[in-house]
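Only one structure is covered here, and it is reproduced in the block below.
We name chains A, B, ... by the order of the sequence lines, and we start the count at 1 in each one.
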Amino acid sequence: MSPTAAMLLPMAEDESHFPPDPSLFWQPLVKFGTVDLFGSEMTLAITRPMVILALTVGLLSWWLVATTRKAAIVPSKGQAGTEAVYNFVRNGIARDMIGSRDFLPFVPFLFTMFVLILFNNWMGIIPPVQMPTMGRIGFPIALTLLVYVVYHWIGVKKHGAIGYFKFMLPSGLPGWIKPAILALEMLTFFVTRPLTLALRLFGNMFAGHLLLVVFIIGGWELFLQGGLLSVVSLPAWIMAFAMTVFEALVQFLQAYVFVLLAASYIGGALVDEH
Amino acid sequence: MTGDITLLGYGLAAIGPAIGVGLIFAAYINGVARQPEAQKILQPIAILGFALAEALAIFALVLFFIRL
Amino acid sequence: MQLTASTLTAVPVVTAAGSDDPEATALPILPYLPELIFGLVAFGILYWVVAKYVVPNLEKAYAERTAAIEGGMQQAEKAQEEAEAALREYKAQLAEARDEAARIREEAKEQGASIIAEMREQAQAEANRITESATKQIEAERQQAVVSLRSDVGKLSTDLASKIVGESLEDQTRQSGIVDRFLAELEAGNVRPEVVGSPSDGSAGAEGQGN
């Protein structure tokens with residue numbers, strides 16, 4: 001604790017670090033200088049979330065392959081654990097949302113999505129990492145982009161390019177209202193869905209992390225104030241602990257919601273004409 | 001006292017989705033209490049509704065950062 | 001950047017670059033392009049691993065498990081069927097055996113009855129035969145007795161008559177058949193021949209009447 005305290009002590013005089021601001025999510029590890037991107041300057045760097053993501057991909061690959069390489073009828077302990085997660089995604093999400101007829105080709109996609117998001121979310125509370133990768137909007141946008149492409153592609157493949165737009169329009173509408181509904185549906189299909197999908201995940205991780213930082217740093221701030229205020233730091237840290245537990249739940253829930261919505265979009269694009 | 005009025009706006013904007021999320025889960029709990037066997041059917045629906053209601057709060061968060 | 005350190009992370013924090021870095025002050029809802037691309041690549045790698053190694057293995061295990069369960073069920077069904085068939089067979093055999101036993105018992109009963117009947121018949125026949133032969137013998141003896149008696153009686157009566165008459169009637173009477181006629185009358189009438197042969201008994205009165 002002492003080196004950390006030494007690091008933090010000068011902060012007590014500096015008022016600018018509290019409350020924490022979004023810049024704390026920018027954590028470049030190695031910088032390669034800047035490039036010009038469409039007129040604006042961009043720093044090229046390997047950031048900490050990228051390293052964490054690579055780490056989780058490596059760990060997940062190792063774990064999943066190790067536990068399923070010799071998949072047997074009677075599962076070993078590791079295989080049973082992997083199977084529980086796989087079952088949850090396969091039967092609880094994919095089959096329920098897409099339907100038992102054609103859910104199987106999407107299971108690998110959704111399963112990868114789920115384990116990757118879940119593990120990366122939990123990185124937000126697992127020491128010593130404690131940085132939710134999805135708090136950087138680039139990653140949720142990347143994942144949403146994939147979902148976006150997949151559900152539009154299979155929708156067009158099933159209904160045809162023009163049929164896809166016809167499919168968006170519920171049947172049995174009076175003629176004069178059709179353009180308005182079509183515009184609304186297109187807004188939903190092309191703007192609202194991807195935007196909310198990416199921003200929900202990002203917003204929850206971003207806000208959750210900020211919240212934890214507020215309570216932890218706030219407690220530290222109070223502690224450093226000395227006197228009566230340092231006593232108040234205890235409730236702040238208790239709150240930080242409670243919030244960590246709550247975050248664990250939210251992080252799981254967000255991974256679940258993301259995959260559930262992705263599956264429901266895919267399922268929605270695959271339903272027969274209505 | 002200094003601060004950003006958009007923060008207040010975001011706080012106000014979060015009230016609506018909060019009530020919506022509360023209503024959705026109240027209905028979900030009611031439904032499960034009345035028919036525990038329907039839990040498997042209700043849960044995805046409740047989560048979907050929760051996600052949609054939450055989307056409004058997320059839009060507000062975006063607007064807070066953009067500060068139009 | 002000192003804030004990062006204060007979150008108690010173990011990763012060394014690089015030099016405070018927040019001030020001169022445009023990314024540090026960029027809107028948090030705008031993606032940092034390298035991260036976006038890296039995210040796509042990372043997902044692609046994990047997806048490749050999952051789709052190539054993980055899911056096929058798990059699905060294979062699932063299919064095998066389903067097959068094993070179904071196979072087990074089929075096996076159990078087969079065993080049940082076999083057991084039922086064996087039971088049916090046993091029951092049939094038992095019924096057959098019971099039938100056989102009943103049949104044999106019936107047969108034995110019949111046989112016994114027939115044997116008894118046969119024996120009875122044989123005994124009857126034997127008895128009849130014995131009775132018959134006895135009757136015949138008796139008849140023959142009687143006949144013999146009658147014949148001898150008749151001749152005796154005839155002789156006696158002629159003797160008696162000749163004693164009374166005082167001359168020998170023997171040949172004459174014999175020739176005329178008197179004795180025989182008399183005897184025939186006796187037989188046709190109430191007087192029995194033995195009464196004549198044994199005058200001492202109680203029917204002498206009747207004999208007297210007949211005379």
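Taking all atoms of both residues into account, the shortest heavy-atom contact from C:Leu46 to A:Val115 is CD2-CG2, 4.2 Å. C:Pro34 and A:Leu44 get closest at one heavy-atom pair: CG-CD2, 4.2 Å. Here the closest non-hydrogen pair linking C:Leu36 and A:Ala142 is O-CB, 3.4 Å. In plain terms, the two heavy atoms of C:Pro31 and A:Gly138 that are nearest each other are CB-CA, 3.8 Å. Closest approach of C:Leu58 and A:Glu83 over heavy atoms only: CD2-CG, 3.5 Å.
With contacts defined as side-chain heavy-atom distances shorter than 4.5 Å, the pair A:Phe139/C:Glu35 qualifies. Under the 4.5 Å side-chain criterion, counting only non-hydrogen atoms from C-beta, A:Thr112 is in contact with C:Phe43. Here the side chains of C:Pro28 and A:Phe25 are not in contact, with every heavy-atom distance at 4.5 Å or above. At least one side-chain heavy atom of A:Phe111 sits less than 4.5 Å from a side-chain heavy atom of C:Val54. Between A:Tyr86 and C:Val50, the closest side-chain pair of non-hydrogen atoms is not below 4.5 Å. A:Leu64 has its side chain out of reach of C:Tyr53: every pair of non-hydrogen atoms, C-beta onward, lies at least 4.5 Å apart.
For A:Leu104, the part lying near chain C is the side chain, with the backbone staying farther off; criterion is any non-hydrogen pair under 4.5 Å. Only the side chain of C:Ala68 comes within contact range of chain A, with heavy atoms under 4.5 Å apart. Heavy-atom distances place no part of C:Ile37 under 4.5 Å from chain A, backbone and side chain included. Proximity to chain C is absent for every atom of A:Ala198, based on heavy atoms less than 4.5 angstrom apart.
Annotation for C:Arg103: atom CZ counts as buried by contact number, over 12 foreign heavy atoms lying within 6.0 Å. More than 12 heavy atoms of other residues, nucleotides or ligands sit less than 6.0 Å from atom CZ of A:Phe32.
Chain A forms more heavy-atom pairs under 4.5 Å with one residue of C:Ile45, C:Leu40, C:Leu30, C:Ile69 than with any other, namely C:Leu40.
Atom OG1 of A:Thr68 is separated from atom NZ of C:Lys60 by 10.5 Å, given to the nearest 0.5 angstrom. Atoms CZ and CD1, on C:Phe38 and A:Ile46 in that order, are 8.0 Å from each other to the nearest 0.5 Å.
Counting only distance, with no hydrogens or angles, the side chain of C:Tyr32 and the backbone of A:Met42 share no donor-acceptor pair below 3.5 Å.
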